Amino acid sequence: MFVPMNKLLNNDQIRQEFQKALLQWFENNKRTLPWRERKDWYGVFLSEFLLQQTQVTQALPYFQKLIRTYPTVEALASASEDELLRHWAGLGYYSRARNLRKAAKVIVERFSGRFPQNYTEALSLPGIGPYTASAILSIAFNQPLPVVDGNVIRVITRVFNIEEDVRQTKTQKQIREIAAQLLPNQTPGRFNEAMMELGALTCQPTSPLCEQCPLQKWCLANRQGSVSKIPFKSPPAPKKRLYQFVLLFVATDGRLLTVKRPRNGLLASMWEFPTLETTPEELNTPEPIREFLSRYQTAAPIVLPQMKHIYSHISLRYRPLLLSVNLPFEFHSRFYVQQKWLQLESISLLALHNAHKKILTDTKFAEWWQRKGFENKR
DNA sequence: AAGACGGGGCT
DNA sequence: AGCCCAGTCTT
């Protein structure tokens, strides 16, 4: 392992030139973002939750919607979990929404509605880890805490030509130490924002714009022509495959059974239609599930075409089954935490996850629904 | 220390 | 199809 103890780290004057060049670039090139326009910590707090593992362009519409719906931390703290989740639907990593609301509650109830000014206390809030704690305290309160996110990792590994695997704890520790040494005491918040903005706009993952980079003259990877190989990441775990039936229980009045998933794990706290795990073979020959269905004494299901949904770590193949039932009808499950019989239009107001939203907009489902005549009953 | 956890954009 | 993320929590 080779960390250049280069002048950037031990020469005050050169480090200051580096900081000045970066900050100057930031002032001239930073994007106009709603949480930068606001001067309060609440906007930063909300945006940092949204921006965890999420790009600015993806988070932007969600920020606008949420800041309007919950203008203050008190409003957010008193929001219902289901309502917040409905706003969050489609953004992913749904535990963030639950943690965001819990954190707001703690801030209101334990910290009198003010963000804790201490790194350790900030870290104790649900959903706030080392990155978010440092980001909020440095950006909103100008505390000298370095941030290390994907952008900073990219900028630092390139500037210092660090070729080790960035998934390794040891490499990450090394990057954190460098980030701490580069941080100016006067303007840590702007410096952190500048590092991340540079990573997003110039020091991009692929085809970075080195010619227009304000740090080019300090960048070792640029000098050695290794930019495209850095940062190095060991290959991720292969994608899992998941096969399931989706059970659309339809009552005679046209209502559908919806269920809420547990607060941990995949699609935390999101609503869906009950699912039944199966194998790739069974998914194409729904005969074997007849035994399961006979328990509910339902007529033969209407089998819709197989569908596909890709998560970052799971490849899901699923097939909706339409099952007509008479109420009262009891669905038992140890897995789901809540259930509701809802009309189709009420379901669209639910925090339904994407894979199952796709079922409702699927043409085959729409055709069937039309034929049943539920539309005409109302 | 390693897995689990979404979705959109880009190549 | 594969890779990139403005990370945190659980085990």
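Letters A, B, ... are given to chains in the order of the sequence lines, protein chains preceding strands, and every chain is numbered from 1. Since we're looking at a predicted model, the values are computed, not measured.
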Please identify each residue that fulfils ring pair (Phe, Tyr, Trp, His ring centres under 6.0 Å) with A/His309, with sequence neighbours left out.
A/Tyr311

Do any pairs count as a ring-ring contact (aromatic ring centres under 6.0 Å, His included) and have a residue in residues 163-210 of chain A, sequence neighbours left out, and if so which ones?
none

Which residues in residues 78-100 of chain A have at least one heavy atom lying under 4.0 Å from any atom of DNA chain C?
A/Tyr93, A/Asn99

Could you list the residues that satisfy ring pair (Phe, Tyr, Trp, His ring centres under 6.0 Å) with A/Phe365, not counting sequence neighbours?
A/Trp369

Expected list for residues 299-308 of chain A: side-chain donor-acceptor pairs under 3.5 angstrom, two or more places apart:
none

Integer angstrom distance from the C1' of C/dT8 to that of B/dG9
23 Å

Counterpart residues, ring pair (Phe, Tyr, Trp, His ring centres under 6.0 Å), relative to A/Tyr62 (two or more places apart):
none

Anything under 3.5 Å between a donor and an acceptor, one on a side chain of residues 130-137 of chain A, the other on a protein residue two or more places apart or in another chain? List them.
residue  : atom : partner  : partner atom : Å
A/Tyr131 : OH   : A/Glu48  : OE1          : 2.8
A/Thr132 : OG1  : A/Gln52  : NE2          : 2.9
A/Ser134 : OG   : A/Pro130 : O            : 3.0

Could you list the donor-acceptor pairs under 3.5 angstrom formed between side-chain atoms of residues 97-112 of chain A and any protein atom two or more places apart in sequence or on another chain?
residue  : atom : partner : partner atom : Å
A/Asn99  : ND2  : A/Ser95 : O            : 3.3
A/Arg101 : NE   : A/Ala79 : O            : 2.6
A/Lys105 : NZ   : A/Ala77 : O            : 3.0

Take atom C1' in C/dC3 and the same atom in B/dG6, then report the distance between them in whole Å.
15 Å

Taking DNA chain B as the partner, which of residues 127-147 of chain A come within under 4.0 angstrom of it by heavy atom?
none

Which residues, if any, of residues 25-35 of chain A bring a heavy atom under 4.0 Å of DNA chain C?
A/Arg31, A/Leu33

Distance-only donor-acceptor pairs under 3.5 Å for side chains of residues 114-121 of chain A, two or more places apart:
residue  : atom : partner  : partner atom : Å
A/Gln117 : NE2  : A/Phe115 : O            : 3.0
A/Asn118 : OD1  : A/Thr120 : N            : 2.8
A/Asn118 : OD1  : A/Glu121 : N            : 3.0

Can you list everything that forms a ring pair (Phe, Tyr, Trp, His ring centres under 6.0 Å) with A/Tyr243? Sequence neighbours excluded, please.
none

